[in-house]
Structure formats: structure tokens, C-alpha cells
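Quick note on labels: first sequence line is chain A, next is B, and so on, each numbered from 1. Values reported hereafter were calculated over all heavy atoms of this structure, with side chains retained and with hydrogens, waters and symmetry mates removed.
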Amino acid sequence: MSEAPALATRGLVAGYERDLPIVRGIDLTIGKGELVAILGPNGAGKSTYVKAIAGTVPCFGGAIMLDGKDITAMPLHQRISAGLAFVPQTENIFASLSIGENLQLAADVLPKALRAARLEKMWAMFPDLASRPALRAGQLSGGQRQMLAVARALIVEPQVLILDEPSAGLSPKIVSSVFAMLQSINRSGVTILLVEQNVKAALAIADRGVILVEGQLRHEGNAAQLATDPLLAELYLGAQPEKASA
Amino acid sequence: MIAQMLMDGLIAGSMIGLGAIGITLTYSILRFANFAHGELVSWAAYFALSVSTALGTALPGLSASLGPFSFGWSLPLGLIAAMALTGLLALFADTLLFARLRARGASTIILVMAGFGAALTLRSLLEFIFTSKPMYFTSALQIARPLFAGARATPDQLLGLGLAVALVAAVHLILTRTAAGRAMRAVSENQALAGLAGIDVAKTIRLVWLFGASLAAVAGVMAGLLVQIRPYMGHDLLLPLFAAAILGGIGSVPGAMIAGLIVGLAEAACVNFIGAEWRAAVSFFILVAILLLRPQGLFGKAGA
Ligand SMILES: Nc1ncnc2c1ncn2[C@@H]1O[C@H](COP(=O)(O)OP(=O)(O)O)[C@@H](O)[C@H]1O
Ligand SMILES: [Mg+2]
């Protein structure tokens with residue numbers, strides 16, 4: 001490939017204490033426009049890995065490359081202007097602010113001339129949110145919160161969107177609409193890195209899946225092949241049983 | 001008599017409210033009770049005094065009384081300078097002390113102790129430079145004018161009251177209608193998420209110091225104008241300021257102002273009905289009562 005990958009980590013070591021790294025040397029390359037699912041049992045370090053990429057957890061070694069640029073030492077907010085967006089699993093909206101303020105503050109980092117148009121675009125994409133911009137975000141249901149969190153991340157038109165278990169705690173019907181939305185965002189050209197416990201649903205929309213165990217990459221492969229891989233069943237046996245349909 | 005008590009309470013309360021807004025902002029965003037805020041109030045009064053005295057000496061026209069007020073242009077100019085200088089002082093203290101502790105992940109109690117230390121140092125410096133002798137912005141005496149139902153107030157006092165109300169409205173608008181205000185509220189709720197939303201958290205924290213310190217400066221100049229300037233003036237205001245910030249609900253600007261007025265009125269009522277020697281106990285009583293009965297304050301969110 002001549003062009004730089006959308007996102008890559010090289011020997012990434014990260015965690016909460018330097019002498020007890022959770023992520024222990026992960027090499028992963030994600031091409032432009034790809035949708036990659038990160039799977040693995042609970043406590044494998046999936047959240048820690050994506051938080052380290054986003055910058056909310058410190059890196060102790062290795063490198064993170066965004067579109068060929070080394071962002072390992074970049075402060076949080078600069079990674080955003082560099083084209084990265086992250087939707088954490090919990091606390092991913094400002095509950096004390098209104099829906100409109102949640103989007104507006106994310107748009108505030110854009111050049112003035114772009115803000116109004118981007119807001120309009122998000123309102124058009126999420127009509128549920130557009131109908132009541134003054135509502136306090138803390139009053140939204142789980143699915144609507146997830147929509148707001150995604151809208152907040154998308155408003156800057158990131159090149160790479162990272163999501164940590166966006167379907168956690170949502171009803172099956174809402175889950176399928178979240179996945180449909182992620183698929184259409186990906187088709188519009190955004191590279192997506194998706195952490196999921198909902199293995200079947202994630203692999204159904206992903207190009208590729210990687211399996212993380214104890215802070216290291218255990219296995220990676222084409223999504224369709226991975227979906228029938230016995231290793232997957234083995235890893236999840238006794239962990240969270242799979243119940244969602246793809 | 002009652003009307004005068006209300007008037008005195010409102011005037012003292014608006015001063016307390018202004019200081020409490022600074023406390024509530026820094027508390028909710030920096031996440032610790034900054035006991036050095038009182039010293040920002042005192043330093044601001046001395047900054048304004050130094051600048052206005054220098055201006056009045058250099059250009060005597062500037063100290064000629066403005067209309068009905070006891071001071072000339074040198075004081076408003078001194079106030080503006082004091083807002084800037086107090087902001088710089090707060091940034092200096094943050095860079096030297098608090099930011100380093102934050103970077104090390106220091107616990108709240110360490111930050112509070114550091115604030116105590118900073119307060120002590122700043123206060124001693126004032127005593128060293130200016131001595132503890134009370135000072136005044138002007139020597140002009142003002143006659144209190146009759147207002148309503150026998151209540152009287154000086155033009156300076158009414159100006160202070162009006163300024164306080166205008167500033168509360170301005171701060172409220174800044175917080176709710178501007179990008180900087182949204183960023184401050186976002187950082188106050190969740191620093192990591194604010195960073196993920198593209199907000200420069202370090203810059204926002206510096207802005208909060210500047211903002212809180214400028215409000216402390218207005219409170220300090222008002223207190224200096226209406227009462228007197230002493231190194232302990234801010235320290236003595238600390239308990240009423242915290243009582244108002246907590247009564248109003250940490251993070252609530254209108255809450256801090258309303259609670260400031262309540263504290264001021266309660267103090268005035270205490271002086272009127274119980275005795276002036278009990279005045280200082282009023283804030284303590286309010287603080288303890290609110291912490292026991294409704295720790296989130298009148299306008300705060302439960303669990304916040
Ligand atoms: N804030 C934290 N501080 C310390 N350790 C943590 C923290 N969050 C998670 N961990 C630990 O990191 C390991 C991986 O957790 P996590 O990345 O959340 O896994 P996953 O997302 O794959 O379930 C777990 O052992 C967990 O206990
Ligand atoms: Mg997780």
C-alpha cells in the first residue's frame with residue numbers, strides 16, 4: 001500500500017500504572033475505510049486499548065500513528081483536530097448540558113464558517129435529537145444517549161471513529177439500529193474501530209475482526225471467517241454467552 | 001428600621017455573592033475548595049488602591065469625584081487594572097503550585113492544604129508590604145440618601161449593588177451563550193470527555209482562574225470602597241463566601257448570587273435582632289445547616 005493506514009499501533013503498551021501494563025504490545029494496522037471489530041473476553045483490555053489510542057489512558061511504550069502521523073504524545077484535544085473521534089462506553093455525553101449544547105460545544109472547535117452547517121447536518125441525521133434540542137441530555141434514554149454521543153463525535157467529521165461497546169445495555173431493536181447507523185457511517189468513508197461484546201452483530205458489519213486476550217492480539221482475520229471460528233466460541237464459553245442475532 | 005436592615009443586608013450580600021461566584025466556578029471546575037480565594041479579594045483591593053493612588057498622583061484630575069460618588073476615574077481604572085493583575089496572580093499561583101499538584105494526581109486534601117499555604121503566604125505578604133493599618137480608596141465622606149420606608153444608602157453602595165446584579169447577568173450569559181462558557185461547564189462535568197470533545201482542558205482551567213480572580217477583584221474593590229482595605233479583609237469574608245457558594249449549590253452562578261444575598265440579609269438580621277457580636281456566627285450556622293440538610297445546595301443537583 002502506498003498511502004498511510006488510517007490508524008496503526010506499533011508495540012503499544014498502556015495501562016493505569018507503569019509497572020502493571022494492561023495492554024502489552026499490540027500491533028494493529030487499519031486501512032482507510034475499513035471497519036474493524038475488536039473482540040475478546042471481559043477484562044481482556046479492549047477498553048484500555050482504545051482509551052490509550054484516544055489519549056485518556058497513558059501509553060508506556062510503542063507508538064500510535066494516525067494517517068501516518070505519530071500522535072502518541074499528543075494531548076487529547078489535539079488528537080481530535082488531527083481527525084480522531086472516540087465514543088467511550090459510559091459517560092459519553094454531558095448530562096448536565098442540553099442536547100443542543102452537547103453538539104454545539106463539539107462544533108465550537110471547528111472554524112466558525114463551518115459550525116452552523118455541521119450542526120444542521122447532525123440534526124438531519126438524528127431527527128430524534130433535533131426535535132428537542134433544549135432537553136437536558138441526562139434525561140435521554142440509553143439508545144438516545146448513544147445517538148447523541150455518536151453525533152457529538154461525528155460533528156467534526158473525523159477520519160477515524162472509535163466506539164467502545166456502543167450496543168451495551170440497549171434493547172435488541174435499538175442495537176440493530178445502532179449497527180445499521182455505524183454501517184452507513186462507515187460506507188460514507190469513515191474508518192471505524194469498534195469494540196463489541198455483541199460478536200455476531202459486530203462481525204456482520206465488520207470487514208475484519210481481531211481478538212484480544214490478556215492485553216495481546218490473539219487472532220485476527222476476515223470477519224466472515226472469524227464468525228465461524230471455533231476459537232471464538234471457546235473464548236466466549238463461560239464468559240458472556242452470545243444471544244443477539246446478526 | 002427593618003427597611004434599613006434589608007438595605008444593609010442586600011449591599012453586604014451582593015459583595016458576598018460576587019466573591020461566591022468566583023468560589024463556585026473554581027470549585028466546580030478545579031474540584032477543590034480554594035481557601036486562597038479570600039486573599040485574591042484582598043490583593044485585588046490593594047492592587048486597585050496602588051494603581052488608583054498612582055494615577056491620582058500623576059494626573060490629579062482623575063481623582064476628582066465623579067458625580068454623586070466618592071471617587072474619581074482613578075478608581076474604575078484601578079479596578080480594571082486590579083482585575084487583570086489579580087488574574088495574573090491567580091495564574092501565577094496555579095502555575096507555581098496547583099497545576100504541578102494536579103499533574104502529579106494530588107488528592108483533593110493536598111490541593112486544599114496547598115490553598116491554605118498560599119493564603120497564609122499571600123496574606124503575610126500584604127501585611128509586610130502595606131502593614132495591617134486600614135486604608136481607604138478616598139477620604140471623601142458620603143451622605144447616605146433616604147430611599148424608601150426610612151432606608152438610606154450612599155450612592156457608592158447603590159452603585160455596588162447595581163454592578164453586582166449586572167455582573168451576575170453577564171457571567172450567566174457568558175457561561176450559557178459562549179463557546180468559552182460551554183467549555184467551562186463541560187470541563188466541570190467531565191474533564192476527560194471535554195478533551196475528547198476537542199476542548200483544550202488546560203486552557204479552559206487557566207480561563208477559569210482568570211474569570212474567578214476578576215470577580216474576586218470586583219468584590220475586593222467593592223469591599224474596600226464600602227468598608228475598608230485591610231490584609232485580613234478577604235480572609236474574614238471567606239466563611240460567608242463558602243457559605244454562599246455551598247448554599248447556592250456548587251456550580252450555580254445565579255445560586256451563588258442569591259445565596260450571597262441570603263447570607264448578607266441573615267447577617268443584617270442577626271445584627272439587628274441578636275447583636276453585632278454574633279454576625280460572624282451566621283455564615284457558620286448556615287454552612288453547617290446546609291451541609292447537614294441539603295448538601296447539594298438550594299440550586300445544585302443531587303449527587304453532583
Ligand atoms: N481505571 C482503572 N484502573 C485500574 N485498572 C483498571 C481500570 N479500568 C480497567 N482496569 C483493569 O484493566 C483490565 C482490562 O480492563 P478493560 O480494558 O476494561 O477490559 P475490557 O474492556 O476488555 O473488558 C482489567 O483487569 C481491569 O480490572
Ligand atoms: Mg470494556
Mark yes when over 12 heavy atoms from residues, nucleotides or ligands other than [X] sit less than 6.0 Å from its [atom1]; otherwise mark no.
X	atom1	answer
Lys69(A)	NZ	yes
Phe92(B)	CZ	no
Arg187(A)	CZ	no

Checklist entry - Between Leu110(A), Val156(A), Asp108(A), which has the largest tally of heavy atom pairs under 4.5 Å with chain B? => result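 Most heavy-atom pairs under 4.5 Å with chain B: Asp108(A).
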
Next on the checklist: Out of Val109(A), Leu105(A), Asn102(A), Ile155(A), return the one with the most heavy atom pairs under 4.5 angstrom to chain B.
Outcome noted: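 Going by pairs under 4.5 Å, I would pick Leu105(A).
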
Next on the checklist: Run the side chain to side chain donor-acceptor pair (under 3.5 Å) test against Trp43(B) and tell me which residues pass, sequence neighbours left out.
Outcome noted: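 By the side chain to side chain donor-acceptor pair (under 3.5 Å) rule, Trp43(B) matches no residue at all.
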
Item to check | Interchain contact, Ala153(A) with chain B, by part (heavy-atom threshold 4.5 Å) | outcome: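 When you check distances to chain B, no heavy atom of Ala153(A) falls under 4.5 Å.
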
Item to check | Interatomic distance, Thr56(A) atom OG1 to Leu196(B) atom CG [nearest 0.5 angstrom] | outcome: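 Result: 6.0 Å between the selected atoms.
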
Next on the checklist: Using a 4.5 Å heavy-atom cutoff, which residues in residues 72-93 of chain A come close to chain B?
Outcome noted: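 Listed by number: Leu76(A), His77(A), Ile80(A), Phe86(A), Pro88(A), Glu91(A), Asn92(A), Ile93(A).
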
Item to check | Any residue of residues 172-195 of chain B which, by heavy atoms, sits under 4.5 Å from chain A | outcome: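 The stretch touches chain A at Thr176(B), Ala179(B), Arg182(B), Arg185(B), Ala186(B), Glu189(B), Asn190(B), Ala192(B), Leu193(B), Ala194(B), Gly195(B).
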
Checklist entry - Could you give all pairs that pass the ring-ring contact (aromatic ring centres under 6.0 Å, His included) test and reach residues 239-265 of chain B, with sequence neighbours left out? => result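 Of all non-adjacent pairs touching residues 239-265 of chain B, those that pass ring-ring contact (aromatic ring centres under 6.0 Å, His included) are Phe35(B)-Phe242(B).
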
